[in-house]
Chemist: 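Dropping the structure in here first, questions after.
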Number of protein chains: 2
Amino acid sequence: MSPRRVDKTARRQQILDAAVRVFARRGFAASRIEDVAAEAGIAKGSVYMYFGSREEILRAAFEALASAMDRLLEGALSGTGPALARLDALIRDVLASIAAAPDLARVLLDLWGSGRDGDGLPLDMAETYGRYRAAVAALLAQAAAEGEARPGVGEAEATVIVGAIEGCVLQWLIDPRVPIGELAEPLAAVCLHGVRGRDA
Amino acid sequence: MSPRRVDKTARRQQILDAAVRVFARRGFAASRIEDVAAEAGIAKGSVYMYFGSREEILRAAFEALASAMDRLLEGALSGTGPALARLDALIRDVLASIAAAPDLARVLLDLWGSGRDGDGLPLDMAETYGRYRAAVAALLAQAAAEGEARPGVGEAEATVIVGAIEGCVLQWLIDPRVPIGELAEPLAAVCLHGVRGRDA
DNA sequence: CTATTATGACTGACCAGTCAGTCATTGGAG
DNA sequence: CTCCAATGACTGACTGGTCAGTCATAATAG
């Protein structure tokens, strides 16, 4: 066998994919580097050729997730058409994107729990989610200017909407019987109705 | 059988309070039993007189939180008046109750992440949140029957509402600058508007 | 033959849980 | 009331096991 032929970036990705699978199964705290190595089909020591530490793997997983979300956000912000329609599409896209990568989604639970003081890893989750809220708030402000959203909606409503999305994901992560696929429609409906003016 | 020094229940509570403070600060995974003991002002060994294991402490914290929520739910379900008004009050009460106990709220992050297969602790979070969703769904069904909510709202919308509450808490846990106190109003507004019929 | 990549045995730190012993309190005997 | 034996809450050094990260060695490519 010659796994030596694989190029650096591909091998790094292979380890990251394996790590996400393992973290999803047992949680970050209970996942040993050896488990990750075994899942990737390589030896423990080799992992350290591509990642400096156990936590760096988690950080890389976070970055993958965050950059996927950033791409969706970027699209919604720079798109054309009524702002509320773009918010509608954004909500559905984000939910679909998360639902499509269940393992990565499960790692979210560890990510959310990792922003603690002390030796916690510096993931700056606060900055990332702040950006998400700002993007939704911008969309909401546009919608208000276009007369589609009730006047006065802003930061607070953006927090509620971002929270509602994350909350639906959370419900699904806690209880896999929650049908995440069927949640996009009612989620978008509640958020949009909740933010619209008096016209149904 | 009079207690020797401090009564058993009080000491257990003292340890639990200390544990919640420590878990909130460093996270469950990084919290050593010795830290909890030190915070409670007792020796490590004494902790094991009141809790069988490290995880049993976490389970006790979960039960305290869950029973507080159950009380609010019970009140909303058995109350009088329009169902939608009771849902409005429930949303505000739950958020206020969580915001009032920030340390306990932070432990939520660990709790959410602990429902994994393998050696995970059997907290049956799924059952608990399922009950919350069912309660909100019942309120929604009543509201629909009273003509206040649009017909057809049900389980899915209940999931969105429960998720939105948890999501707002999550935003605040990730970024303490999020003003949880000022979120009750817009959260209730979005949820209620999002579920109401065509009348604003 | 050299450089590069991979390996897995090893080490040192860390910590959950244990248990043999301590000592303040208590209740009863003198 | 005093004294002392019984009690059991409390202690913390210790054990056994785990695991992140290292590094001397081996395998392979060029």
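Chain identifiers are assigned alphabetically (A, B, ...) following the order of the sequence lines, protein sequences preceding nucleic acid strands; residue numbering begins at 1 within each chain. All values reported here derive from a predicted model rather than from experimental measurement.
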Chemist: Before accepting this row, confirm whether a basic side-chain N of the pair Asp35(B)/Arg32(B) lies closer than 4.0 Å to the acidic partner's carboxylate O.
Modeler: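 Between Arg32(B) and Asp35(B) there is a salt bridge, with a charged N closer than 4.0 Å to a carboxylate O.
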Chemist: Taking Arg133(B) first and then Asp175(A), would you say they form a salt bridge - that is, a charged N and a carboxylate O separated by under 4.0 Å?
Modeler: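 Looking at Arg133(B) and Asp175(A), the cut-off is met.
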Chemist: At under 4.0 Å between heavy atoms, how does the protein contact nucleotides 14-20 of chain C? Give one character per nucleotide, 5' to 3', with B, S or -.
Modeler: -SBBB--
Chemist: Is there a side-chain contact between Arg196(A) and His193(B), using heavy atoms and a 4.5 Å cut-off?
Modeler: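 Heavy-atom side-chain distance check fails, nothing below 4.5 Å.
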Chemist: Between Arg11(A) and Ser46(A), is a side chain to side chain contact (heavy atoms under 4.5 Å, CB included) present by the stated rule, with each step listed?
Modeler: CA-CA 10 Å; Arg11(A) 169 113 329 160; Ser46(A) 306; over 6 Å; no
Chemist: dT5(C) P sits how many Å from Arg12(A) CZ, rounded?
Modeler: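 After rounding, the reported distance stands at 15 Å.
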Chemist: State whether Tyr50(B) places a side-chain N or O below 4.0 Å from either non-bridging phosphate oxygen (OP1 or OP2) of dC10(D).
Modeler: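 Looking at the OP1 and OP2 atoms of dC10(D), one of them is under 4.0 Å from a side-chain N or O of Tyr50(B).
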Chemist: Whole angstrom is fine here: how far is it from CD in Gln14(A) over to P in dT5(C)?
Modeler: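 In whole Å, dT5(C) P and Gln14(A) CD are 15 Å from each other.
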Chemist: Is any side-chain N of the basic residue among Arg21(A) and Asp17(A) closer than 4.0 Å to the acidic one's carboxylate O?
Modeler: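 Looking at Asp17(A) together with Arg21(A), the answer is no, because their closest N to O distance does not fall below 4.0 Å.
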Chemist: Mind calculating the distance between CE (Met49(A)) and P (dC23(D)) to the nearest angstrom?
Modeler: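 Atom-to-atom, Met49(A) to dC23(D), this comes out as 15 Å.
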Chemist: Expressed in angstrom and rounded to an integer, what is the separation of Arg11(B) atom CZ from dA9(D) atom C1'?
Modeler: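 Between C1' of dA9(D) and CZ of Arg11(B): 8 Å.
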Chemist: Going by an N to O cut-off under 4.0 Å, is there a salt bridge joining Asp70(A) and Arg131(A)?
Modeler: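 A salt bridge is present here (some side-chain N lies under 4.0 Å from a carboxylate O).
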